[in-house]
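Comments concern the structure below.
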Amino acid sequence: MSARTVVAVALALSLVAAVAKLPKDRTVASVSRLSQTQRERAPLAAVDLDPALVEAARRLLPRDTVYAVVTGAGVPASQPLTLDAVRPLTAFWLLPRRQLQYPKRAEWVLSFGGDLDALGLRYTRVVHVAEGVDIAEVRR
């Protein structure tokens, strides 16, 4: 088998593999019907995170602040909201605000079903956004 034949076969197999990985027409059609905002919010919906919460945090938190995220069982959701799911999403949506791992070092705390009192912090204000969801400004 010549080198040219080997290359042609490899390209053909690559093309077949790439076509097999393309989304089905139904998937493309369903996504194309969504508005740009709906497509942007899709990752939030995937973890049952209400976009209103993230939008409230964007309004409340100063752009140069640092914040932490806590989660717990106190928020109604189809699946438990875990830090692994919520942290990356809030980090993206709340840029340029910086997310910290430890609430004791933060100026704000976003609580998705967490227990703010259990953190041992004092708060200047706590804004109730939705059932089980609060945004708290830490008193310094």
Side-chain angles (χ1 to χ4, degrees):
M1 198 181 279
S2 71
R4 197 176 253 174
T5 305
V6 171
V7 170
V9 169
L11 284 173
L13 290 174
S14 297
L15 180 61
V16 168
V19 168
K21 291 190 180 242
L22 286 174
K24 304 299 180 228
D25 288 339
R26 282 179 280 134
T27 304
V28 172
S30 67
V31 172
S32 68
R33 286 191 294 264
L34 298 177
S35 70
Q36 180 177 346
T37 302
Q38 290 170 320
R39 286 191 302 271
E40 289 171 354
R41 291 179 176 176
L44 298 173
V47 295
D48 204 15
L49 185 58
D50 185 353
L53 167 66
V54 178
E55 291 167 3
R58 287 173 99 173
R59 285 190 307 274
L60 285 170
L61 276 63
R63 292 175 58 82
D64 62 347
T65 199
V66 291
Y67 68 95
V69 175
V70 296
T71 60
V75 64
S78 62
Q79 56 190 2
L81 292 173
T82 65
L83 284 176
D84 290 341
V86 175
R87 277 187 178 156
L89 291 171
T90 54
F92 171 77
W93 279 85
L94 297 178
L95 282 172
R97 300 154 191 89
R98 291 178 301 130
Q99 187 179 106
L100 301 176
Q101 183 175 358
Y102 303 106
K104 293 189 188 289
R105 295 183 182 168
E107 297 168 349
W108 292 81
V109 177
L110 307 179
S111 174
F112 298 88
D115 183 358
L116 288 173
D117 294 332
L119 297 176
L121 300 171
R122 295 184 338 205
Y123 305 103
T124 304
R125 65 179 163 156
V126 177
V127 178
H128 179 70
V129 178
E131 184 179 348
V133 179
D134 297 298
I135 301 173
E137 182 178 10
V138 178
R139 182 176 293 156
R140 294 282 167 211

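All values derive from a computational prediction rather than experimental measurement.
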Which atom of Arg105 lies closest to which atom of Val66, heavy atoms considered: O-CG2, 4.0 Å
Linked, directly or transitively: Val126 and Leu121 (ILVMFWY side chains, under 4.5 Å): yes
Contact check, side chains of Val109 and Val138, non-hydrogen atoms, under 4.5 Å: yes
Closest heavy-atom pair and its distance - Leu116, Ser111: CD2-CB, 3.8 Å
From CG (Leu60) to CZ (Arg97), nearest 0.5 Å: 9.5 Å
Atom CZ of Arg122 with >12 non-hydrogen neighbours under 6.0 angstrom: no
Over all atoms of both residues, closest heavy-atom pair of Arg140 and Glu107: NH2-N, 3.9 Å
Nearest atoms (heavy-atom pairs only) where Pro103 meets Ala68: CA-CB, 3.6 Å
Which residues share a side-chain hydrogen bond (donor to acceptor under 3.5 Å, both in side chains) with Gln99, sequence neighbours left out: Tyr67, Thr90
side-chain hydrogen bond (donor to acceptor under 3.5 Å, both in side chains) involving Thr124 - partner list, sequence neighbours excluded: none
Under 3.5 Å donor-acceptor pairs involving side-chain atoms of residues 51-58, not counting sequence neighbours:
residue: Glu55; atom: OE1; partner: Arg41; partner atom: NH2; Å: 3.4
residue: Glu55; atom: OE2; partner: Arg41; partner atom: NE; Å: 3.2
residue: Glu55; atom: OE2; partner: Arg41; partner atom: NH2; Å: 2.1
residue: Arg58; atom: NE; partner: Trp93; partner atom: O; Å: 3.3

4.5 Å side-chain heavy-atom contact, Lys104 and Leu119: no
Flag side-chain contact, heavy atom, 4.5 Å: Arg59 against Val127: no
same_hphob_cluster(Leu94, Leu100) at 4.5 Å side-chain heavy-atom cutoff: no
Heavy-atom check, side chain of Val86 versus side chain of Leu110, under 4.5 Å: no
Reported CD1-to-NE2 distance for the pair Ile135 and His128, which is rounded to 0.5 angstrom: 11.0 Å
Note, Trp108 side chain near Glu137 side chain (heavy atom, < 4.5 Å): yes
Spacing of Leu61 atom CG and Arg98 atom CZ [to the nearest 0.5 Å]: 12.5 Å
Closest contact, heavy atoms only, Gly114 versus Val70: CA-CG2, 4.3 Å
